[in-house]
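The structure appears below as structure tokens.
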Amino acid sequence: MEISSKYSPSDVEGKWYQYWLDNKLFSSKPDGREPYTVVIPPPNVTGVLHMGHVLNETIQDILVRHARMEGKNACWVPGTDHASIATEAKVVNRLAEQGIKKADLTREEFLKHAWAWTEEHGGIILKQLRKLGCSCDWDRTAFTMDGPRSESVIKVFVDLYRKGLIYRGVRMVNWDPKALTALSDEEVIYKEEHTKLYYMKYYLADSAPVSVAEDDGNVVHHDDRGYYAVVATTRPETIMGDVAMCINPKDPKNQWLKGRKVIVPVVGRVIPVIEDEYVDIEFGTGCLKVTPAHDVNDYMLGEKYNLEAIDIFNDDATLSDRIATAQQKSLAETKVSNDYVIGLEKYVGMERFACRKQIAEDMVAAGLMEKIEDYDNKIGCSERTGVPIEPKLSMQWFLKMQHMADIALDPVMNDDIQFYPAKYKNTYRHWLENIKDWCISRQLWWGHRIPAWYLPTGGFVVAENEEEALTLAREKSGNADLQLADLRQDEDALDTWFSSWLWPISLFDGIRNPGNEEISYYYPTADLVTGPDIIFFWVARMIMAGYEYEKKMPFRHVYFTGIVRDKLGRKMSKSLGNSPDPLDLIERFGADGVRMGMMLSAPAGNDILFDESLCEQGRNFNNKIWNAFRLVKGWQVADGEQPEAAKLAAGWFAAKLRLAAEELADDFSKYRLSEALMTVYKLFWDEFSSWYLEMIKPAYVDGKQQPIDRATYDITLQFFEILLKMMHPFMPFITEELWQALYERQPGESIMRAELHMEASTGYDHLLCAAVDELKEIVTNVRAVRSQKNIAPKEKLTLEVVDAADLRPLPEGGVEALKKMANLEVVNVVSEKSKGSASFLVGTAEYAVPLGNLIDLDAERKKLEAELQRIEGFLVSVQKKLANERFVQNAPAAVVEMERKKQADAEQKIAALRESLAAL
RNA sequence: GGGCGCUUAGCUCAGCUGGUUCAGAGCGUCUGCCUUACAAGCAGAGGGUCAGCGGUUCGAAUCCGUUAGCGCCCACCA
């Protein structure tokens, strides 16, 4: 049957994936073998596969398949994340398209929509992972909001609360005015922006004299309305919440303001000037406006000096009507001239940035603005919605982090848990050493609802379920008649990461059933593969939870991948449209080709510049493997003597295989997967296809291909099988396809379960290896002669081996191999090479190809002279080194010996070259 | 503002504990080939002042210092 010369991935990939599923080859159960566990970083349940996933999941699959072939009980657990804020936003958007407002729905109604959406879009990404070839144990598929996981989350919340590690309180938090929820510090990203710095006039509130001596350093501002201080701010709208002005007591510029009162412009509120060394004397004018409700530092000052906090915003960051009320109240208390005041009613309901613009204009018009400058500022924005966050005082739940940091730092620093690359240890340590409490409550519905119930009489109880809550509430209130209906459960949900941090434990039910068989067997997991962008969100917190609940690390190694960028170095993103669709790539290049393309340039921790041409290279490699297989399986086999050349080739390739296997093991142990792939790539393409197969390939006689001898055929199939096994983790589909076709296989057998131990029979012979490498070099030289002289490959040549005293005889079969590979008529050993031949050196031995009248004497001479000059130069440098007494004395004996050998070799080569030149 | 990392061929990167002809690999480029496994291929070739400067050393791509450029992380200068 004719087999196509082109490999067609789409014909085989689906077939083998189904075969693997049908035969339960991905599934794992605890047994006596060493476990190898990987938990997938759960993608968003409603997400779709992008290039970042392709990178990440390919790496995991390579590691898992490799471990499985090492005979370990490999278990890769898949699952998805409910992605609280992201999913809720998507559902809200979809409802909006249908004209439904979230505010008009009850919690239950909304959740019904959210679950519908989850069922509709959920799991798509898991289906896509199958196309990639991922060998996950699908029976274990989990979801962060499924039953067991949810129960685990609640259990942990209650436990931590009872340990006193979770508390509830009013704090300044990061408020996302678009998502209408609090965020953790980690969810705030800072963006550089060009903004303005506004210098505003705060007039003295009284007419008491300002006494300032000349040259005492005071900087006093004065105009026809009176004396004033200047305050610089990037957020003029927040003056509506000003309750004090603060100066540094050591600031010579502002001594005159001590103990005075000033008028907040526009607002008309009279506020005190307080003193605190927090204020930077160098910044702006050294006068700081204090707005405790809208700035973290001002909040701290407010607490310290017992200042009122006036919240000027609604939750969506429009201006609240409180600003007007506060203004009326303060104006009633203190009579302030209308010169300084504008009614704040006009700003009520305005969006914050519109208000900023408006109020700045109004101040300029009213002469209350000293000046406006351009200013570059960093603005904290919501990681999810992108809008600038608003520091906001609110009641939230927090997890105390100091204890968590204490248990999580050492294991990483002393390498119980190893990071690849190790540089992230620093990042990790820095974060833990400066850790702050984790705000875990979100004003969202999609997520795990906080298990706290409020009593009608005030106070609350924390419980695993309603029954327990009721019991506790009755105890707490002393009211035995209390009913569930009297209790009100907290409306908030938990941060998504509060469930993901349990992932390696909750997947094996270690929270609900501590010490069960699964958790005891599979935990700690082996490797975690993830991006460095979630080192704090997820990696660090899993380590905390791991030590808190299992007293052990959750994983032994963390492999941090880079970011996938396009070839111009831009991050792949939807908005740029520079991200290819992985499924489309798989369609065009095959999953194996895409996996390989991804891995070809993916060193751990470095960003990878992805280019489709890499997938093309992967596809081409698949095709190469395919064709090598076609060649080998196309041979007729006959009993007969094994040619010496084939015997030589087999001995040599066995040695190469052994070397490559060692290299591969080393690469894997260091997580250098790109290097490992390159190792097998070169092994298969260069050594096996270009050299080994060419050396053993039976010749054509009279247009008829000769059969191959049994011994060579058998060993070649063995080599092929080992090669397939080495390549399988990277390219699972084609290797399975060919492995199945290589020999008769039993139903249910798979390369997946074939162990990658090097057969004991493959010997390892250094001398043989070196001898063949030398043969290869001779062949290359002859081919170069051909190429330079434009001699057709079909034309047979003669090779002369110029006899020399130390010339080592060619190995058994060497001559035969040379003749075949270089297409030689004959190999002669001569004492002097023929006139008119092209010569070259391999090692210190000289070879010549007689060319008759084809030889270009001038060119030949030039070539030899150039070579001679190079070696002479080299000799000089070696001699210089050896003449240096300090070198000979200080360098290790072996190094000196090496130099002596170099010298001797060079001298010998020079002699040979001189002879050749003379002969011309 | 603090910390970390990077700079090696046209591109993407290896190069470990300083020492082998150590200056490498893959891709791309150039030249010649449809040679009965493969043109998604075969054979051959060219290509680098290891970012600059200084130091340590018998010896530096490798260690130290410094300058420049780039990148990342952290931070409450309004």
Side-chain angles (χ1 to χ4, degrees), chain A residues 3 5-7 190 197 231-235 238 246 278-280 282-284 287-291 295-300 375 377-378 380 391 421 423-427 430-431 434 532-533 535-536 563 567 569 589 593 600-603 605-609 611 613-614 616-635 670 672 674-675 677-679 681-682 689-690 693-694 697 700 703-705 779-780 783-788 790 792-794 823 870-871 874 877-878 881 884-892 894-896 898-899 901-902 905-906:
Chain A
I3 313 172
S5 70
K6 299 272 185 285
Y7 170 60
Y190 288 87
L197 193 55
V231 173
T233 184
T234 53
R235 305 196 57 190
T238 61
C246 191
Y278 159 74
V279 177
D280 182 354
E282 301 306 318
F283 188 90
C287 295
L288 173 74
K289 64 195 245 358
V290 182
T291 321
D295 183 280
V296 181
N297 303 300
D298 292 11
Y299 175 68
M300 287 175 339
Y375 188 67
N377 199 12
K378 287 217 168 143
K423 64 177 175 183
Y424 290 112
K425 279 167 77 173
N426 281 329
T427 310
H430 185 261
W431 186 69
N434 297 282
D533 50 331
I535 186 170
F536 309 134
I563 294 167
K567 64 177 167 183
F589 301 108
L600 273 172
S601 64
N606 280 11
D607 286 358
I608 83 152
L609 302 191
D611 184 5
S613 70
L614 292 169
E616 203 175 313
Q617 194 185 342
R619 180 200 60 181
N620 294 356
F621 185 46
N622 281 335
N623 202 234
K624 185 74 187 174
I625 301 167
W626 177 257
N627 277 292
F629 184 83
R630 274 208 313 149
L631 172 71
V632 172
K633 286 303 267 190
W635 286 329
K670 294 174 176 141
R672 297 161 62 126
S674 301
E675 281 87 347
L677 176 58
M678 194 43 73
T679 298
Y681 179 79
K682 287 191 284 191
S689 298
S690 297
L693 289 180
E694 294 299 334
K697 195 152 120 184
Y700 274 79
K704 236 188 89 184
Q705 192 182 35
V779 171
T780 300
R783 285 173 177 168
V785 169
R786 256 184 216 286
S787 184
Q788 281 153 23
N790 259 320
K794 278 183 175 165
N823 194 24
R870 193 180 67 83
I871 298 186
F874 174 67
S877 78
V878 173
K881 215 184 243 187
N884 183 342
E885 268 179 48
R886 285 186 300 180
F887 169 72
V888 179
Q889 274 169 18
N890 294 329
V895 173
V896 176
M898 191 68 72
E899 292 300 316
K901 171 111 177 23
K902 280 192 218 165
D905 284 358

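Order of the sequence lines sets the chain letters (A, B, ...), proteins ahead of strands, with each chain counted from 1.
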Taking only the P atom of each, what is the distance from B:A9 to B:G15 in whole angstrom? 15 Å
Using whole Å, report how far CD of A:Q889 lies from P of B:C58. 10 Å
For the base of B:C4, is there a side-chain donor-acceptor partner from A:K423 under 3.5 Å away? no
Reckon A:L288 touches a base, only the sugar-phosphate, or nothing at all at heavy-atom distances under 4.0 Å? base
Only pairs with both distances under 3.5 Å count, Watson-Crick or wobble alike; so what is the partner of B:U20 in this structure? none
What integer number of Å spans the C1' atoms of B:G19 and B:A60? 10 Å
Pick base, sugar-phosphate or nothing for A:K6, based on heavy-atom distances below 4.0 Å to the nucleic acid. base
Per atom distances to the A:D280 side chain, the nearest of B:C76, B:C77, B:C74 is B:C77
How far apart are the closest heavy atoms of A:D607 and A:I563, and which atoms are they? OD1-N, 3.0 Å
Listed pairs, N/O of protein and of nucleotides 46-51 of chain B, under 3.5 Å:
none

Determine the interatomic distance between P on B:U29 and the same-named atom on B:G69; round to the nearest Å. 35 Å
Separation of A:K425 atom NZ from B:C4 atom P, in whole Å? 15 Å
Please name the pair of heavy atoms, one in A:E899 and one in A:V878, separated by the smallest distance, quoted to 0.1 Å. O-CG1, 3.4 Å
Does a side-chain N or O from A:N627 land closer than 4.0 Å to OP1 or OP2 of B:A40, or not? no
Any A:D298 side-chain heavy atom under 4.5 Å of A:L288 side chain: yes
C1' atom, B:G47 versus B:C6: distance in rounded Å? 24 Å
Please check if any side-chain donor atom of A:T427 sits under 3.5 Å from a side-chain acceptor atom of A:K425, or the reverse. no
Would you indicate what A:S674 reaches in the nucleic acid, counting non-hydrogen atoms under 4.0 angstrom: base, sugar-phosphate, or nothing? nothing
Would you tell me if any nitrogen or oxygen in the side chain of A:S689 comes within less than 4.0 Å of OP1 or OP2 on B:C38? no
Going by modelled atom types, is there a donor-acceptor pair between the base of B:A40 and the side chain of A:R619 at under 3.5 Å? yes
What closest approach, in Å, do A:Q705 and A:Y700 show between heavy atoms, and which atom pair accounts for it? N-CD2, 3.4 Å
Does the side chain of A:K704 get closer than 4.0 angstrom to OP1 or OP2 of B:U36 through an N or O atom? no
Considering only B:U35, B:C58, B:A37, which nucleotide approaches the side chain of A:F887 most closely? B:C58
Say whether A:R619 and A:N622, considering side chains only, have a donor N or O and an acceptor N or O under 3.5 Å apart. no
Taking the C1' atom in each of B:C77 and B:C72, what is the distance between them to the nearest angstrom? 23 Å
Taken to the nearest whole Å, CG/A:N426 to P/B:G5 is 7 Å
Beyond-backbone contact of A:N627 with A:S5, side-chain heavy atoms, under 4.5 angstrom: yes
In whole Å, what is the span from the CD atom of A:E899 to the C1' atom of B:C58? 11 Å
Proximity to the side chain of A:R886 - top-ranked nucleotide from B:G44, B:C58, B:C74: B:C58
Of all heavy-atom pairs linking A:N623 and A:K6, the shortest is ND2-CA, 3.4 Å
Using a cut-off of less than 4.0 Å, is there contact between a side-chain N or O of A:N620 and OP1 or OP2 of B:G41? yes
Watson-Crick or G-U wobble mate for B:G69, both contacts under 3.5 Å: B:C6
Value rounded to 0.5 Å, distance of CG in A:D611 from CD in A:Q617: 10.5 Å
Separation of B:C76 atom P from A:D298 atom CG, nearest Å, is 14 Å
Relative to the 5' end of RNA chain B, which residue comes earlier, A:A232 or A:Y424, by the nucleotide with the nearest heavy atom? A:Y424
Taking B:C63 as the reference, what is the distance to B:G18 when you measure between their P atoms (whole Å, please)? 8 Å
Kindly say if A:N890 contacts the phosphate of B:C58, meaning a side-chain N or O under 4.0 Å from OP1 or OP2. yes
Measure the distance from CG on A:N606 to C1' on B:C11 and round it to the nearest whole Å. 15 Å
For A:V895, answer base if it contacts any base atom (sugar-phosphate contacts may also be present), sugar-phosphate if it contacts only those atoms, and nothing otherwise; contact means non-hydrogen atoms under 4.0 Å. base
Would you mind pulling out the nucleotide paired to B:G59, Watson-Crick or G-U wobble, both distances under 3.5 Å? none
Would you indicate what A:K289 reaches in the nucleic acid, counting non-hydrogen atoms under 4.0 angstrom: base, sugar-phosphate, or nothing? nothing
How are the rings of A:Y7 and A:W626 set to each other: parallel, tilted or perpendicular (split at 30° and 60°)? tilted
Pairwise P distance, B:C76 and B:G2 [rounded to whole Å]: 16 Å
Any base atoms under 4.0 Å from A:F589, or only sugar-phosphate, or nothing? Heavy atoms, all strands. nothing
Hey, which sits more toward the 5' end of RNA chain B by its nearest nucleotide, A:I608 or A:Q705? A:I608
Nucleotide of B:A78, B:A45, B:U35 approaching A:P793 most closely (side-chain heavy atoms): B:U35
I'd like to know if A:E694 reaches the base of B:A37 with its side chain such that a donor and an acceptor end up less than 3.5 angstrom apart. yes
Could you tell me whether A:P532 contacts a base, only the sugar-phosphate backbone, or nothing, with contacts defined as non-hydrogen atoms closer than 4.0 Å? nothing
Rounded distance (nearest 0.5 Å) linking atom CG of A:L197 with atom CZ of A:R235: 13.5 Å
Examine B:A37: is either OP1 or OP2 under 4.0 Å from a nitrogen or oxygen in the side chain of A:K697? Give yes or no. yes
Taking only the side-chain nitrogens and oxygens of A:S613, find out if one of them lies under 4.0 Å from OP1 or OP2 of B:G28. no
How far does the P atom of B:C58 sit from the matching atom of B:G52, given to the nearest Å? 24 Å
Touch check for A:V279, heavy atoms < 4.0 angstrom, all strands: base, sugar-phosphate only, or nothing? base
Without decimals, in angstroms, what is the distance between A:F621 CZ and B:A37 C1'? 15 Å
Determine: side-chain N/O of A:Y700 to OP1/OP2 of B:A37, distance under 4.0 Å, yes or no. yes
A:K901 near the nucleic acid: base, sugar-phosphate alone, or nothing, with a heavy-atom cut-off under 4.0 Å? nothing
Over all strands shown, is A:D295 touching base, sugar-phosphate only, or nothing at heavy-atom distances under 4.0 angstrom? nothing
Would one find a side-chain N or O of A:Y375 under 4.0 angstrom from OP1 or OP2 of B:C77? no
Measuring to OP1 and OP2 of B:C27, would you say a side-chain N or O of A:Y681 lies under 4.0 angstrom away? yes
With a 3.5 Å limit on both atom pairs, tell me what B:A43 is paired to, counting Watson-Crick and G-U wobble, or say none. B:U31
Short side-chain donor-acceptor distance under 3.5 Å, A:K567 and A:S613: no
Quick one: A:I535 CD1 to B:C4 P, roughly how many Å, whole number? 16 Å
Mind checking if A:R672 touches a base, just sugar-phosphate, or nothing, with heavy atoms under 4.0 Å? sugar-phosphate
Once you apply a heavy-atom cut-off of 4.0 Å, does A:Y278 come out as touching a base, just sugar-phosphate, or nothing? base
